[in-house]
There are 2 protein chains.
Amino acid sequence: MTSQTRDREVESRLRARDVRYTSGRKRVVAALASAHGPRSAAELNAELLPDVPLSSLYRTLAVLEDAGIVSPHFGARGVTRYELAEWLRGHHHHLICVDCGSVDDVAVPSDLETEVRRLVDDIGMLAEFAPVNHALEIEGRCARCA
Amino acid sequence: MTSQTRDREVESRLRARDVRYTSGRKRVVAALASAHGPRSAAELNAELLPDVPLSSLYRTLAVLEDAGIVSPHFGARGVTRYELAEWLRGHHHHLICVDCGSVDDVAVPSDLETEVRRLVDDIGMLAEFAPVNHALEIEGRCARCA
DNA sequence: TTCCTTGCAAACGATTTGCATTGGA
DNA sequence: TCCAATGCAAATCGTTTGCAAGGAA
């Protein structure tokens, strides 16, 4: 998806909720789009120049989450990281380095992903649970730390 | 594993670090052992009678985590939940209800778990990442909420 | 003009820490 | 006796909110 297409889609979703797609919000979405993993408000605050104050970031992220444009990820003590929602970024999983703490996205080839889905459905069957989504979080050592 | 065996194992691990296995700590471990999913400090504080103050709970959980007796789980905005470590509870995954927010453990039959491990290794191979652990978190509706 | 958005500062909730006290070996 | 453990209160950290000013339609 091109960044213009993305912006058009995002803008129309926001318009539908009487929310403006301002330049500050565009920059947050762009930063998340170019990231290789979820980002916290503090990380976005450090990356974005000119500065976007934390309170605005939190408000922007809340608005984007409400509108289904970003999804929260709770993978670390006390901090919430955000990433573009699946319909914008595609389904993926996370590789979490036990040494450096980085969280990287990994898009799983569709044949493997099919197997993951099947396993999830099997487990749901056994446990009387109706899956609507799944996340496979893999902890280990990234290439840099290995 | 019986609760006595468990207490003996835990105690020896703590002794090795010059840490005492006091009655307050035993009650926390017992509460986690009987829970069907991870528990936050606030939840433990509500369950335990006589009362264990929050500050003691947080300290106990930190000590137990350092000693590898409990593992943290970051599955909700801002709260850390703890569960007994794998060597005490066995490997399992989580079923997270999107309606009521409950987190339940699910022990996956070994044939399915073998497939999960294989998928994790395959993904690691493709991504130049050395997996040491994995967590499959399944979001959906529990039997009560379905 | 109307309302959404922004930024600062204050408020909040979960967690951590200082310090004096208690208690087990 | 000695040192770890405990409990209270204060401090900290990430996040949220009140409020007045700024900006787009």
Side-chain angles (χ1 to χ4, degrees), chain A residues 7 10-29 31 38-67 69-83 101 103, chain B residues 7 10-32 38-67 69-83 101 103:
Chain A
D7 273 351
V10 169
E11 178 153 31
S12 80
R13 275 222 175 193
L14 290 180
R15 268 199 200 299
R17 312 175 70 104
D18 286 311
V19 166
R20 295 176 195 152
Y21 196 26
T22 62
S23 81
R25 289 170 179 173
K26 275 186 188 138
R27 288 165 58 219
V28 170
V29 169
R39 291 285 180 268
S40 67
E43 288 163 348
L44 292 169
N45 175 254
E47 286 175 23
L48 292 174
L49 280 174
D51 188 66
V52 176
L54 278 175
S55 65
S56 296
L57 274 173
Y58 281 114
R59 273 198 267 244
T60 291
L61 291 168
V63 163
L64 295 175
E65 185 183 353
D66 274 355
I69 291 156
V70 304
S71 311
H73 177 252
F74 314 112
R77 205 176 293 267
V79 309
T80 302
R81 283 174 220 275
Y82 291 85
E83 54 191 354
V103 181
Chain B
D7 273 352
V10 169
E11 179 154 30
S12 80
R13 275 224 177 192
L14 290 180
R15 270 198 200 299
R17 311 176 72 103
D18 286 310
V19 167
R20 296 177 193 151
Y21 195 27
T22 61
S23 81
R25 287 170 180 174
K26 276 186 189 139
R27 289 164 58 217
V28 170
V29 170
L32 291 177
R39 292 283 179 269
S40 67
E43 288 162 347
L44 291 169
N45 175 254
E47 286 176 23
L48 291 174
L49 280 177
D51 189 65
V52 177
L54 278 175
S55 66
S56 297
L57 274 173
Y58 281 113
R59 272 197 268 241
T60 290
L61 291 168
V63 163
L64 295 175
E65 184 183 354
D66 274 356
I69 292 158
V70 304
S71 310
H73 176 253
F74 314 112
R77 203 175 294 265
V79 307
T80 303
R81 283 174 221 273
Y82 291 86
E83 54 191 354
V103 181

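Quick note on labels: first sequence line is chain A, next is B, and so on, each numbered from 1.
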Round to a whole Å and report the spacing from [atom1] of [X] to [atom2] of [N].
| X | N | atom1 | atom2 | answer |
| --- | --- | --- | --- | --- |
| A/R15 | C/dC3 | CZ | P | 18 Å |
| B/L48 | D/dT6 | CG | P | 13 Å |
| B/K26 | C/dG24 | NZ | C1' | 12 Å |
| A/R27 | C/dT5 | CZ | C1' | 14 Å |
| A/R25 | C/dC4 | CZ | P | 11 Å |
| B/L54 | D/dT12 | CG | P | 19 Å |
| B/R39 | C/dA14 | CZ | P | 16 Å |
| A/L44 | D/dT15 | CG | C1' | 14 Å |

### Task
Could you pick out which residue, A/S40 or B/G24, lies toward the 5' side of DNA chain D when each is mapped onto its nearest nucleotide?
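By nearest-heavy-atom nucleotide position, the 5'-most residue is B/G24.
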Return the nearest nucleotide to the side chain of [X]; candidates are [options].
| X | options | value |
| --- | --- | --- |
| A/R77 | C/dT16, D/dT16, C/dG7 | C/dT16 |
| A/T22 | C/dT15, C/dT5, D/dA5 | C/dT5 |
| A/V19 | D/dG14, C/dT5, D/dA9 | C/dT5 |
| B/S55 | D/dT15, C/dT17, D/dA5 | C/dT17 |
| A/T80 | C/dT15, C/dG7, D/dT15 | D/dT15 |
| B/R20 | D/dC3, C/dT15, C/dT17 | D/dC3 |

Can you find a pair of side-chain heavy atoms, one from [X] and one from [Y], that are under 4.5 Å apart?
| X | Y | result |
| --- | --- | --- |
| B/R25 | B/V19 | yes |
| B/T80 | B/L61 | no |
| B/V63 | B/L14 | yes |

### Message
Using heavy-atom distances to pick each residue's nearest nucleotide on DNA chain C, tell me which of B/R81 and A/S23 is more 5'.
### Response
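The residue mapped nearer the 5' terminus is A/S23.
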### Query
side-chain hydrogen bond (donor to acceptor under 3.5 Å, both in side chains) with A/D66: which residues, sequence neighbours excluded?
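Residues passing side-chain hydrogen bond (donor to acceptor under 3.5 Å, both in side chains) with A/D66: none at all.
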### Task
Enumerate the residues from residues 57-67 of chain B whose closest heavy atom to DNA chain C is under 4.0 Å, giving them by residue number; use none for an empty result.
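Nucleic-acid contacts, sorted: B/Y58, B/R59.
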Can you name the nearest heavy-atom pair linking [X] to [Y], along with the distance?
| X | Y | value |
| --- | --- | --- |
| B/P72 | A/R77 | CG-NH2, 3.9 Å |
| B/A31 | B/E47 | CB-OE1, 4.4 Å |
| B/D51 | B/P53 | OD2-N, 3.6 Å |

### Query
For A/S56 and C/dT6, is the shortest distance between a side-chain N/O and OP1 or OP2 below 4.0 Å?
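No, outside the criterion.
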